[in-house]
Amino acid sequence: MTARIIDGNALAARVRGEIADRAAALSARGVQPCLAVLLVGVDPASAVYVRNKVAACEKAGIRSLRFDYPQDVAQADVMAKLAELNADPSVHGILVQLPLPPQFDEAAVLEAISVAKDVDGFHAENVGRLSQNQEAFLPCTPHGVMKMLESVDVKLAGAEAVVIGRSNIVGKPMAMLLTNAGATVTVCHSRTRDLAFHTRRADILVAAVGKPRFVTGDMVKPGAVVIDVGINRLQNGPDEGKLCGDVDFASASEVAGAITPVPGGVGPMTITMLLENTVISADRAARAVGK
Ligand code: GUN
């Protein structure tokens with residue numbers, strides 16, 4: 001069997017077209033959607049992600065504000081900027097790129113972002129709302145994965161879903177979204193005994209481990225939908241310097257029914273959902289002032 005490829009670039013392009021139309025309509029009503037992005041420190045991957053987010057805003061007609069801070073900045077300086085952005089009615093979304101340097105209390109920073117502008121969905125209140133299946137800003141990567149699953153019409157209710165990874169950014173919210181959709185969800189992680197026992201039972205397998213080509217074809221149930229959230233740069237071997245996912249695409253795509261590639265899979269959808277959340281927030285702000 002050779003898996004169907006779930007093309008994140010194509011899906012993202014379609015959704016971003018709709019988002020750009022909504023952003024243009026809001027701008028015509030006098031409210032241009034605006035996202036503020038804060039980047040602290042020198043993490044090279046974070047710098048690339050932030051650059052891509054700002055560029056995607058521009059393409060969609062969303063204004064972006066970018067604030068860069070040195071690695072040794074005091075948390076109070078970042079908190080002061082967040083207070084200013086929270087109070088600024090022209091700003092609709094606020095994002096602090098993670099990870100933060102070690103002197104930061106990450107939870108405190110995330111909770112300093114206004115719940116109404118938390119377009120990353122990382123504020124404890126939004127996380128709590130998601131866990132109760134109430135309306136909330138959804139974290140962008142797992143939300144993008146749900147859109148990809150929708151795009152291949154996979155039935156979630158009653159499906160066995162296995163998520164590898166328990167991070168606050170991907171694994172845990174992914175498990176909550178799949179649970180809310182009626183899947184039977186197993187969360188695996190570095191302490192899981194006999195990982196393959198679990199993964200081989202999965203109708204839907206989501207890999208968010210951060211280890212290149214970690215999930216191999218022998219760990220995949222024939223016909224499963226495999227979603228690869230990993231973005232790793234290979235350090236050695238013949239493909240040194242190339243990007244690859246957490247899934248060994250060559251072997252897994254021989255077994256799976258559908259699979260996301262890396263690059264061109266989940267990555268473009270993550271940014272797309274960020275743009276969508278920003279437009280949703282701007283729309284609420286416009287309505288609140290009668291525009
Ligand atoms: N770091 C890795 N992924 C993300 C994300 O989706 N949002 C933020 N703010 N930081 C991240």
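Order of appearance sets the numbers: ligands from 1, and atoms from 1 within every ligand.
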- Item | Worked check of side chain to side chain donor-acceptor pair (under 3.5 Å) between Ser251 and Thr216 | CA-CA 6 Å; Ser251 61; Thr216 45; 5.4 Å; no
- Item | Candidate pair Lys59 and Arg16, rule side chain to side chain contact (heavy atoms under 4.5 Å, CB included), full reasoning | CA-CA 9 Å; Lys59 269 192 151 177; Arg16 285 189 203 190; 5.9 Å; no
- Determine, stepwise, if the pair Glu150 / Lys155 fulfils salt bridge (Lys or Arg N to Asp or Glu O under 4.0 Å). CA-CA 8 Å; Glu150 247 173 59; Lys155 191 164 178 283; over 6 Å; no
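Ion pairing between Lys291 and Asp283 fails under the 4.0 Å rule for side-chain N and carboxylate O. With respect to the salt-bridge test (charged N to carboxylate O, under 4.0 angstrom), the residues Lys221 and Asp203 qualify.
Among protein residues, Lys53, Leu95, Val96, Gln97, Leu98, Asp120, Phe122, Ile169 come within 4.0 Å of ligand 1, judged on heavy atoms.
Distance check: Leu39 CG to Tyr49 OH gives 12.5 Å after rounding to the nearest 0.5 Å.
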